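Just below is one structure, and these are the notes that go with it.
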Amino acid sequence: MSEILVPPMKLSGLEPVAIGAGTLFVNIGERTNVTGSKAFARMILNGEYEQALVVARQQVENGAQIIDINMDEAMLDSQAAMVRFLNLIASEPDVARVPIMIDSSEWSVIEAGLRCI
């Protein structure tokens, strides 16, 4: 029986990323998550989006191949925060070069995020 070749999954920011059977590890930057990082949540809640962008940039500089972004926080307009942050990332080539993973439990936030990327 012959082996079935599965093509790699191809993702893209400004630069392509291929993840296939030979890919041993994918480094996903998760510090841009308001539920997983108190420091990032504080920045977003205080409207310090430029500082939050520094967090994303540091993740890419430290080897993240994908950036996970989550804005699910009760005291936050998650949809507006997602759109604002993704638009800021789009203007920053050092961060926008990697694919973005939009992470939310709300479909409206995911849809709004997808419109930005």
Side-chain angles (χ1 to χ4, degrees):
M1 196 170 216
S2 63
E3 184 178 327
I4 297 173
L5 295 176
V6 178
M9 175 174 60
K10 295 179 182 177
L11 306 173
S12 182
L14 294 176
E15 298 175 4
V17 174
I19 301 170
T23 305
L24 298 176
F25 181 78
V26 177
N27 188 352
I28 299 175
E30 299 221 18
R31 293 285 174 217
T32 48
N33 182 330
V34 294
T35 60
S37 169
K38 289 182 183 182
F40 183 76
R42 190 171 35 256
M43 290 173 206
I44 296 298
L45 288 167
N46 291 333
E48 298 169 351
Y49 285 83
E50 292 290 336
Q51 279 301 112
L53 184 61
V54 170
V55 172
R57 186 180 305 109
Q58 287 172 342
Q59 289 186 109
V60 174
E61 289 170 354
N62 290 329
Q65 296 162 286
I66 299 171
I67 297 292
D68 175 81
I69 300 173
N70 182 307
M71 296 291 178
D72 288 352
E73 213 288 330
M75 301 298 290
L76 184 64
D77 179 345
S78 299
Q79 188 170 328
M82 180 69 77
V83 167
R84 183 173 175 187
F85 192 62
L86 288 174
N87 285 334
L88 193 58
I89 283 177
S91 69
E92 181 58 51
D94 291 341
V95 180
R97 70 181 185 83
V98 301
I100 303 297
M101 180 186 303
I102 298 171
D103 180 4
S104 179
S105 59
E106 298 291 328
W107 281 110
S108 62
V109 176
I110 294 170
E111 289 171 346
L114 289 172
R115 287 187 198 102
C116 296
I117 60 171

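On a predicted model such as this, the values are computed, not experimentally measured, just so you know.
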Please report the interatomic distance [atom1]([X]) to [atom2]([Y]), rounded to the nearest 0.5 Å.
X    : Y    : atom1 : atom2 : result
S108 : Q79  : OG    : CD    : 4.5 Å
Q59  : I28  : CD    : CD1   : 11.0 Å
I19  : L11  : CD1   : CG    : 4.5 Å
I44  : M75  : CD1   : CE    : 15.0 Å
M71  : F40  : CE    : CZ    : 4.0 Å
N33  : S104 : CG    : OG    : 10.0 Å

Hydrophobic clustering (ILVMFWY, side-chain heavy atoms < 4.5 Å, transitive) - are [Y] and [X] grouped together?
X    : Y    : answer
V54  : I100 : no
L14  : V98  : no
L5   : M9   : no
I117 : L53  : yes
L88  : V60  : yes

Write down the atom of [X], the atom of [Y], and the distance for their closest heavy-atom approach.
X    : Y    : value
V17  : Q65  : CG2-O, 4.1 Å
E73  : S78  : N-OG, 3.7 Å
I102 : I110 : CG2-CA, 4.0 Å
V26  : I66  : CG1-CD1, 3.8 Å
T35  : D72  : CG2-O, 2.9 Å
V83  : A112 : CG2-CB, 3.8 Å

Discussion item. If you count heavy atoms of other groups shown closer than 6.0 angstrom to CZ of R57, is the number above 12?
Written reply: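 Yes, enclosed.
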Practice prompt. Can you label the angle between the F85 ring and the Y49 ring as parallel, tilted or perpendicular, going by 30° and 60°?
Written response: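 Plane angle between 30° and 60°, so tilted.
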Discussion item. If you define the side chain from C-beta out and look only at heavy atoms, does anything of T32 sit under 4.5 Å from I89?
Written reply: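 A side-chain contact under 4.5 Å is absent here.
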